[in-house]
S.K.: 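Got a structure for you, questions after.
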Amino acid sequence: MRHVPVLLTEVIDSLQLKSGMNVADCTLGDAGHSEAMLQKTSPDGKLLGVDADPESLLRAKQYLYDFGEPSLPAGRRVTFVRDNFVHLKEIISRENFFSIDAILMDLGWSSSQFAERGRGFSFEKDEPLDMRYGGDGPTAAEILNTYSQKELDLIFKNYGEEKLAKEIAASIVLRRGVAPLKTTSELVEMVLTVYRGKLHSTKEIPWVGGIHPATKVFQALRIAVNKELDVLKETLPQAISVLAPGGRLAVITFHSLEDRIVKHFFQAEENKTLKIITKKPITASAAELEANPSARSAKLRVIEKL
Ligand SMILES: C[S@@+](CC[C@H](N)C(=O)[O-])C[C@H]1O[C@@H](n2cnc3c(N)ncnc32)[C@H](O)[C@@H]1O
């Protein structure tokens, strides 16, 4: 099923898109935002769509296939790039995509990747522990089987704010001494065992504050595998530098670590290179939350380049 774009109206309104504007979507995904941005910039606004994941790109190409005026097929309005957005500046020069009136970064993964892919994003499925958006760098399994106990502890603590980080890291190191961890189910079972022990619970899933005990460990690993926080820190200044004066950047984050990075960067640059449009982050309306509960943690921050 196609990923439902979050805060769609809010993104489109806050970017102040008009006919003929050029837009860069750094996180193309299933192209829901891109499609709306192309509609708003019709008939001749161009879109640069970037995604690190080849399968997302294939889906986006299908979704945007029929897009555009009869005289302007999507192929001529849209440039598709499979790359990590950390290379934004380089991508834009390579594609000669100037000048840019709006940029969107909708961070994280799409529900299609979560549901369809066999890459180990979901703890509800038994899949190999990969978790890479693109195909580069070590997989989650490689990290779990090679990093020191201290490094794993820090990943779970810093990227997942996981209370039992130390115990889970110790348990992983013990377990991999017997056999390497390979699948999401093995990791989930290990986390559950640690939680059952700590909570003296015999429940199959000892829910913690309404969430599955493996949630934070999976989030932390995904962030580590894709170096998500470093990539975000490196990309924000590039996004500002490639925007045309008066152009806008919208960033949607899904957890506090990312939101903090965006907020601090915007505050540090305020009145130097940018004006903050959203003093407080925009969150999903009650109607959107009812239709799409996965929008609950989404926060949208927008700036305008000076
Ligand atoms: C939340 S989804 C975007 C959904 C999209 N806005 C839509 O309407 O369907 C995020 C997408 O960004 C991609 N992505 C995440 N980190 C990336 C990175 N560093 N570079 C390029 N793409 C990335 C993921 O592969 C995923 O397809």
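Just so you know, ligand 1 is whichever comes first in the structure, and atom 1 is the first atom listed for that ligand. FYI, side chains are in, hydrogens and waters are out, and symmetry mates aren't considered; it's all heavy atoms of this structure.
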S.K.: Tell me the contacting part of Tyr133 for ligand 1: side chain, backbone, both, or neither, using a 4.0 Å heavy-atom threshold, strictly below.
M.R.: side chain

S.K.: Please answer: with hydrophobic residues joined when any side-chain heavy atoms are less than 4.5 Å apart, are Leu249 and Phe98 in the same cluster?
M.R.: yes

S.K.: Can you check whether Asp106 has an N/O within less than 3.5 Å of an N/O in ligand 1?
M.R.: yes

S.K.: Less than 4.5 Å apart, any side-chain heavy atom of His212 and any of Leu192?
M.R.: yes

S.K.: For atom 5 (C) of ligand 1, what is the nearest protein heavy atom, given as residue, atom name and distance?
M.R.: Leu28 O, 3.4 Å

S.K.: Below the 3.5 angstrom mark, is there an N/O of Gly32, backbone or side chain, next to an N/O of ligand 1?
M.R.: yes

S.K.: Quick check on side chain to side chain contact (heavy atoms under 4.5 Å, CB included): which of Arg119, Glu127, Glu124 does Thr184 satisfy it with?
M.R.: Glu127

S.K.: Should you measure from each heavy atom of Asp53, which atoms of ligand 1 turn up under 4.0 Å away?
M.R.: 25 (O)

S.K.: Taking the minimum heavy-atom distance to atom 15 (C) of ligand 1, which of Gly108, Pro54, Ala52 ranks first?
M.R.: Gly108

S.K.: Measure the shortest side-chain to side-chain distance between Leu8 and Glu288 over non-hydrogen atoms and say whether it is less than 4.5 angstrom.
M.R.: no

S.K.: Tell me whether ligand 1 is touched by Ile252 - counting only heavy atoms on the residue side and a distance under 4.0 Å.
M.R.: no

S.K.: Heavy atoms, side chains only, cut-off 4.5 Å: are Thr273 and Leu306 in contact?
M.R.: no

S.K.: Give me the residue, atom name and distance of the protein heavy atom closest to atom 20 (N) of ligand 1.
M.R.: Phe85 N, 2.9 Å

S.K.: Compare all side-chain heavy atoms of Arg77 with those of Ser42 and state whether any distance is below 4.5 angstrom.
M.R.: yes

S.K.: Crowded around Lys157 NZ? As in, over 12 foreign heavy atoms under 6.0 Å?
M.R.: yes

S.K.: Between Asn145 and Leu181, is there a donor-acceptor pair closer than 3.5 Å when you use the side chain of the first and the backbone of the second?
M.R.: yes

S.K.: Is Val86 in polar range of ligand 1, meaning some N or O pair under 3.5 Å apart?
M.R.: no

S.K.: Do any N/O atoms on Ala31 end up under 3.5 angstrom from N/O atoms on ligand 1?
M.R.: yes

S.K.: Measuring from the heavy atoms of Thr235, does anything fall under 4.0 Å of ligand 1?
M.R.: no

S.K.: On a heavy-atom basis, I'd like to know which of Asp51, Leu104, Leu8 is closest to atom 25 (O) of ligand 1.
M.R.: Asp51

S.K.: If hydrogens are left out, which of Thr27, Asp25, Val231 has an atom nearest to atom 3 (C) of ligand 1, that is, the closest non-hydrogen atom?
M.R.: Thr27

S.K.: Evaluate Asp30 for polar contact with ligand 1, using N/O atom pairs at a separation under 3.5 Å.
M.R.: yes

S.K.: Between Gln113 and Tyr133, do the side chains contain an N or O donor and an N or O acceptor separated by less than 3.5 Å?
M.R.: no

S.K.: Relative to the heavy atoms of Asp83, which atoms of ligand 1 are at a distance of less than 4.0 Å?
M.R.: 20 (N), 21 (C)

S.K.: Counting each atom of ligand 1 from 1 as listed, which ones have a heavy atom of Ser56 under 4.0 Å away?
M.R.: 27 (O)

S.K.: Would you mind telling me which of Asn226, Val231, Asp230, Leu232 makes a side chain to side chain contact (heavy atoms under 4.5 Å, CB included) with Glu228?
M.R.: Asn226

S.K.: Ligand 1 and Asn84, any nitrogen or oxygen pair closer than 3.5 angstrom?
M.R.: yes

S.K.: Decide whether a cation-pi geometry holds between Arg301 and Phe266; the criteria are a distance under 6.0 Å from NZ or CZ to the six-membered ring centre and an angle within 45° of the ring axis.
M.R.: no

S.K.: Looking only at atom types and distance, does a side-chain atom of Asp106 sit under 3.5 Å from a main-chain N or O of Ile252, one as donor and one as acceptor?
M.R.: no

S.K.: Looking at ligand 1, would Val6 count as a contact under a 4.0 Å heavy-atom criterion?
M.R.: no

S.K.: Near Leu107, which atoms of ligand 1 are under 4.0 Å from a heavy atom of that residue?
M.R.: 1 (C)

S.K.: Within the structure, does Gln113 bring an N/O atom to less than 3.5 angstrom of an N/O atom in ligand 1?
M.R.: yes

